[in-house]
Asker: 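Have a look at this one before I ask anything.
These values consider heavy atoms only, across backbone and side chains, with no hydrogens, waters or symmetry-generated copies. Order of listing sets the numbers, starting from 1, for every ligand and every atom in it. Since we're looking at a predicted model, the values are computed, not measured.
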Amino acid sequence: MMAEPLISARNIKKYFDVAGGKLKAVDGISFDIYPKETFGLVGESGCGKSTAGRTIVRLYEPTDGELIFNGINIFKLSRKEMQEARRDFQMIFQDPYASLNPRMTVEDIVAEPLDIHHAYKNKSERSDRVIELLRLVGLNEEHAMRFPHEFSGGQRQRIGIARALALKPKFIICDEPISALDVSIQAQVVNLLKELQEELGLTYMFIAHDLSMVRYISDRVGVMYLGHLMELAKSDELYSNPVHPYTRALLSAIPIPNPDIQRNRKRIMLEGDVPSPINPREGCTFVDRCQYAVERCRQETPLFEEKSAEHFVACHIV
Ligand code: SF4
């Protein structure tokens, strides 16, 4: 990548105090996100990907690490400074049913960020901006005075997207934005996100467990397991040449539309359970489920290293 990163995340950690110790939801992840790209973050539920997204926008306070955005370490900002910086950082949530206040009109929902940041001169400017935003996401001005329950799931997610765009952000974290929607609607929302990215020059982090959709939308993809990044590469490279044993197992479970290839393909079954992220032990977090594990894997945590051009892997044997 030639451009300077828009986001540089370094050694980000988010631990929670729980009965019995520390839950290490995110345990030292590092990556860059470049302007106008989509960075996909995938993994099974409980791997820490949503916590990573929420920590980046400081909905959760980080335990450690740096997040450099436009030369500024976002994690060092005071609450007041962070509120200002949040104009550039927005989030689209998984559940469009839960993330919209049922007692507010669509106009008030979409205008909420404008209200918080006093981003208009008068009421008519506020209404005009809301209508502009609704049109941008494929809705129209007649929808402004309605309430969330009057809309379908896909339309509600469009309202959530309009709200996220209100302050003209540069960077949007899409946290499983389609997993609560019907399959028939998912592609429409993903296509809308792609169109908006093109039109507005947006940069996305797209968090998901559906690996096929992540491939479709992402330029590069990171694979998380138990709070750690296991592999990161350009999307085509990761899907055609997965290196980490965990990525290979995840990808082997995706059906291939060609029946000949699908018939002869071997699915790699993951042995054992996902271990608890509370007080994890030393060594590779994947060791109990890895068919290639050697003694070293139990003693030493593998470094996340660039094994070939722009292809990072954390594994002792590759
Ligand atoms: Fe498997 Fe060892 Fe590699 Fe971990 S470091 S993925 S246990 S081979």
Asker: Is R126 salt-bridged to D108, going by a charged N under 4.0 Å from an acidic O?
Answerer: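 So R126 pairs with D108 through a salt bridge.
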Asker: Between E198 and K36, is there a side-chain N and carboxylate O pair less than 4.0 Å apart?
Answerer: no
Asker: Please give me the protein atoms (N, O or S only) lying under 2.8 Å from atom 3 (Fe) of ligand 1, ordered by chain and number.
Answerer: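 Those protein N, O or S atoms (cut-off: under 2.8 Å from atom 3 (Fe) of ligand 1) are C315 SG.
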Asker: Would R10 and D32 pass as an ion pair if we require N to O under 4.0 Å?
Answerer: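 Yes, R10 and D32 are salt-bridged.
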Asker: Is there a path of hydrophobic side-chain contacts, each under 4.5 Å between heavy atoms of I, L, V, M, F, W or Y residues, that connects I217 with F93?
Answerer: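 Cluster IDs for I217 and F93 differ.
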Asker: Looking at residues at least two apart in the chain, or sitting in another chain, which of them share a ring-ring contact (aromatic ring centres under 6.0 Å, His included) with Y239?
Answerer: none
Asker: Quick one: does L100's side chain get under 4.5 Å of R163's, heavy atoms only?
Answerer: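 Yes. Closest side-chain heavy atoms under 4.5 Å.
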